[in-house]
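One-based numbering, in listed order, for ligands and for the atoms of each. Because only heavy atoms are used, hydrogens play no part in the values below, and waters and symmetry mates are left out as well, while side chains stay in. Sequential numbering from 1 along the given sequence is applied to the chain's residues.
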Amino acid sequence: MPELPEVETVRRGLTPALEGARLVRVDVRRPDLRWPFPEGMAERLTGATIRALGRRSKYLLLHLDTGETLIMHLGMSGRMVVDDLQLGSFHRDAGWLPQHDHVIFETDRHRVTFNDARRFGAMDLARSDALEDHWLIAKLGPEPMGNAFNEDHLITAFRGKNTPVKTALLDQRIIAGLGNIYVNEALHRAGIAPTRKAGRIAAPRVAKLVPIIRDVLSEAIDAGGSSLQDHRQTDGNLGYFQHRFRVYDREGYPCPTPGCAGEIRRIVQSGRSTFHCPTCQR
Ligand SMILES: [Zn+2]
């Protein structure tokens with residue numbers, strides 16, 4: 001599933017194709033994805049110029065000159081195809097099939113297709129000046145790369161919390177945009193056991209998570225960005241981040257922490273896989 005770094009990579013990849021472009025024709029090929037499309041979506045988009053591409057958490061934001069913003073979520077399997085090139089291929093990506101092309105944006109420059117095999121993606125239109133009140137966005141916690149996400153915020157959010165730290169970090173009200181992969185990676189780097197109760201971690205260790213989460217995400221964004229620059233010279237598939245994972249999907253491999261003789265193990269928490277090293281994560 002795309003997480004924040006993948007969505008940011010898609011945003012950066014789409015920007016040269018869409019920023020300043022005018023939507024000449026929008027082909028909406030079904031009534032819904034995860035939820036129904038907004039009423040009259042094609043009509044409201046047609047003729048609009050895309051002023052800028054933003055991102056909030058895992059939502060891509062197309063700010064239009066009509067005063068509306070198109071909010072898009074890639075869901076589990078959503079992807080963007082510019083002309084015939086896919087922007088980004090994710091971990092365990094099965095490739096894409098044209099029968100899953102659900103929305104096609106024809107601009108005066110390019111054709112951008114939203115393809116989503118499992119249809120957990122979503123789109124909605126909101127007034128740009130009231131975006132922060134939109135129901136998908138209003139309850140989101142601070143952006144991990146922004147100033148509002150800091151040591152005080154995380155220490156306060158964890159205080160008294162009886163849930164495992166992994167679950168707390170996946171709570172989008174505490175921090176927006178973190179998903180399973182990068183929570184696993186951040187907890188391993190921090191040496192914190194994913195099962196430890198959030199409220200039982202000493203404040204200095206909680207504080208240490210802040211720069212680690214930022215590092216994990218920005219390294220992944222950089223990796224995505226560098227693969228984006230390459231993708232026209234290669235086969236259209238981006239190398240992506242999977243080779244950089246230290247623990248995610250690496251059950252049975254030796255722990256990469258220097259001096260640790262442990263082995264990566266997989267457990268299940270709240271129905272999701274957790275990969276961790278029981279030796280150096282406490
Ligand atoms: Zn270890």
Side-chain angles (χ1 to χ4, degrees), residues 1-6 8-9 58 89-93 141 144-145 149-172 174-227 238-282:
M1 179 191 324
E3 294 192 25
L4 187 153
E6 287 81 4
E8 178 60 21
T9 299
K58 297 177 216 173
S89 75
F90 302 113
H91 194 56
R92 290 182 166 160
D93 196 345
M145 312 305 275
F149 179 67
N150 54 41
E151 297 177 357
D152 288 345
H153 167 77
L154 203 58
I155 290 166
T156 307
F158 278 11
R159 192 169 292 149
K161 258 212 168 339
N162 221 14
T163 50
V165 58
K166 189 203 173 193
T167 312
L169 288 174
L170 287 173
D171 183 341
Q172 302 295 301
I174 293 179
I175 173 171
L178 264 194
N180 202 37
I181 292 177
Y182 297 107
V183 168
N184 278 293
E185 295 292 310
L187 287 172
H188 179 258
R189 282 197 204 184
I192 297 173
T195 48
R196 183 171 284 276
K197 301 255 191 291
R200 299 292 298 274
I201 306 170
R205 298 185 80 204
V206 176
K208 220 176 84 176
L209 268 171
V210 171
I212 288 174
I213 288 168
R214 289 215 178 100
D215 285 351
V216 165
L217 293 175
S218 55
E219 285 168 27
I221 291 168
D222 289 347
S226 51
S227 61
L238 301 187
Y240 245 87
F241 317 139
Q242 54 262 50
H243 304 301
R244 295 174 165 255
F245 298 150
R246 295 190 190 175
V247 291
Y248 184 77
D249 217 6
R250 294 188 60 80
E251 185 179 19
Y253 283 87
C255 174
T257 300
C260 178
E263 187 177 277
I264 305 307
R265 298 275 171 77
R266 175 183 170 274
I267 57 170
V268 175
Q269 288 180 284
S270 313
R272 315 274 311 268
S273 287
T274 297
F275 297 91
H276 70 124
C277 171
T279 305
C280 65
Q281 288 180 253
R282 300 293 172 132

Salt bridge (charged side-chain N to carboxylate O under 4.0 Å, His left out) partners for Asp215, two or more places apart: none
Vertex the Zn ion (ligand 1), arms to Cys255 SG and Cys280 SG, rounded to 10°: 110°
The Zn ion (ligand 1) to nearest N/O/S of His188 less than 2.8 Å: no
Angle subtended at the Zn ion (ligand 1) by SG of Cys277 and SG of Cys260, nearest 10°: 100°
Spatial distance of atom OG1 (Thr257) from atom CD (Gln281) [nearest 0.5 Å]: 7.5 Å
ring-ring contact (aromatic ring centres under 6.0 Å, His included) partners of residues 255-282, not counting sequence neighbours, each pair once: Tyr248-Phe275
The single option from Glu3, Gln269, Lys166 passing side-chain hydrogen bond (donor to acceptor under 3.5 Å, both in side chains) against Asn180: Lys166
